[in-house]
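Written out below as structure tokens is the structure these notes cover.
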Amino acid sequence: MGAAGDIADYQGDRLVSVYCFPEKEAAAAALAEKIVKTSTAALERRRCFSLVLAGGSTPGALYELLATEPWRKRIDWCRAHVFFGDERCVPFDHRYSNYAMAYGSLLSAVPVPPNQVHRIHGEGDPAREAETYGHLIETTLSSISPEQPLFDLVLLGLGADGHTASLYPGDTALQSSGLVTAVDPPKTASPPVPRISLTLEGIKLARTLCFLVHGSSKKDIVQAVRADTEGRYPAALAVAETVSWYLSGMECDEL
Ligand code: 6PG
């Protein structure tokens with residue numbers, strides 16, 4: 001799968017797979033293939049599949065790829081429910097908005113029914129929107145997957161401090177029992193604005209959890225997260241039935 005030997009090891013009893021690629025385009029193509037396979041398998045069992053998009057800049061190459069042929073027609077987008085792992089508290093068309101990034105690179109080019117694109121309303125009251133979005137997740141997943149209300153695939157990125165979604169090291173949001181929470185991020189957060197984020201409980205609803213991380217500058221934090229047994233880094237606390245890392249700009253034998 002990857003360029004340099006992949007890694008498969010265990011986080012407790014869960015298999016963690018790590019794939020390394022020389023370029024971010026190759027990592028995006030491999031993850032796009034994973035998304036195609038996951039959606040196809042889900043739609044063999046259920047009417048719809050559910051996908052949680054990551055924010056930040058790294059997923060842009062993946063979203064643009066999914067929006068172009070042949071990938072575009074390999075996913076039955078009409079049967080997709082699209083959610084977001086987190087959102088900045090800005091208007092939906094603001095340059096900081098994760099929804100705006102995903103809309104411009106993917107959602108404007110694929111036929112997901114508008115009522116199946118579930119954006120986080122960053123322009124609203126964060127605490128109230130966090131509660132509303134949590135209920136939306138519960139009702140939507142119960143409707144499309146009543147036997148096991150889970151997300152088919154959750155995409156996450158990784159920050160240089162080990163944050164993922166908008167869950168930052170040491171933040172009280174890490175103890176939240178809800179599915180979604182308002183977050184007042186540290187001053188170092190970029191951009192430095194309040195957020196609304198899936199919690200660790202929300203991320204745990206993933207059947208498949210995929211991290212997409214690009215750049216040699218993140219090699220050290222990837223190593224640290226993979227070695228973290230004390231729960232120092234939120235990304236190390238993000239668990240799911242299966243976890244895969246799609247890495248570029250670093251070699252697996254360095255990790
Ligand atoms: C956000 C993301 C955040 C992001 C990481 C990596 O809203 O910023 O949810 O968790 O994935 O900060 O960001 P880059 O992909 O821009 O490096």
Side-chain angles (χ1 to χ4, degrees), residues 21 23-25 27-28 31 51-66 82-107 118-123 126 129-130 133 137 151 153-171 173-174 176 179-200 202-203 206 209-225 233-238 240 243-250:
F21 302 86
E23 305 300 332
K24 67 178 177 181
E25 289 75 15
L31 184 43
L51 173 65
V52 179
L53 298 182
S57 58
T58 301
L62 169 65
Y63 299 163
E64 286 163 5
L65 192 64
L66 289 171
V82 177
F83 296 84
F84 289 79
D86 70 333
E87 186 55 279
R88 291 81 178 269
C89 293
V90 295
F92 74 90
D93 54 358
H94 190 282
R95 64 191 175 94
Y96 287 166
S97 163
N98 286 333
Y99 167 80
M101 184 275 282
Y103 182 81
S105 54
L106 174 59
L107 299 175
H118 308 294
R119 75 176 182 92
I120 300 174
H121 292 251
E123 68 277 13
E129 175 58 17
Y133 201 71
I137 289 171
F151 292 120
L153 194 144
V154 173
L155 292 172
L156 287 176
L158 177 68
D161 59 358
H163 81 259
T164 193
S166 285
L167 300 175
Y168 289 84
D171 196 302
L174 293 167
S176 171
L179 298 181
V180 186
T181 187
V183 177
D184 215 3
K187 299 279 171 284
T188 50
S190 171
V193 296
R195 293 23 174 17
I196 297 164
S197 176
L198 284 188
T199 62
L200 293 174
I203 291 170
L209 174 57
C210 296
F211 286 91
L212 181 63
V213 187
H214 171 66
S216 55
S217 63
K218 292 200 178 160
K219 183 185 77 174
D220 292 348
I221 189 61
V222 168
Q223 281 174 321
V225 166
Y233 301 109
L237 294 169
V243 180
S244 303
W245 290 77
Y246 291 79
L247 306 174
S248 55
M250 59 191 93

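Note that the structure is predicted; figures quoted are calculated from it, not measured. Numbering of ligands and ligand atoms starts at 1, following listing order.
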Q. Can you say whether the rings of Y99 and F92 are parallel (under 30°), tilted (30 to 60°) or perpendicular (over 60°)?
A. perpendicular
Within 4.0 Å of some non-hydrogen atom of H163, the atoms of ligand 1 are 3 (C), 5 (C), 10 (O), 12 (O)
If we number the atoms of ligand 1 from 1 as shown, the ones under 4.0 Å from a heavy atom of G157 are 11 (O)
among protein heavy atoms, the one nearest atom 15 (O) of ligand 1 is T58 OG1, 2.6 Å
Here the gap from D220 atom CG to M250 atom CE, rounded to the nearest 0.5 Å, amounts to 9.0 Å
for atom 16 (O) of ligand 1, nearest protein heavy atom and its distance come out as S57 OG, 2.7 Å
Residues passing the side chain to side chain donor-acceptor pair (under 3.5 Å) test with T181, sequence neighbours excluded, are none
> So do F211 and V243 actually touch side chain to side chain, heavy atoms under 4.5 Å?
Replying inline: yes
heavy-atom search around atom 6 (C) of ligand 1 in the protein gives L158 O, 3.5 Å
Atoms of ligand 1 under 4.0 Å from any heavy atom of D86, numbered from 1 in the order shown, are 1 (C), 2 (C), 7 (O), 9 (O)
min-distance protein heavy atom vs atom 13 (O) of ligand 1 -> G56 CA, 4.0 Å
Honestly, for L156 the part within reach of ligand 1 (heavy atoms, under 4.0 Å) is neither
Atom 17 (O) of ligand 1: of K218, R195, R88, the nearest heavy atom sits on K218
Within the side chain of N98, is there an N or O that forms a donor-acceptor pair under 3.5 Å with the backbone of G56? yes
**Prompt:** Is a donor on one side and an acceptor on the other found under 3.5 Å between the side chain of T199 and the backbone of L179?
**Reply:** yes
- Query: Judged by atom type as modelled, is there a donor-acceptor pair below 3.5 Å linking the side chain of T164 to the main-chain atoms of A235?
  - Reply: no
Note: ligand 1 atoms sitting under 4.0 Å from heavy atoms of A165 are 2 (C), 3 (C), 9 (O), 10 (O)
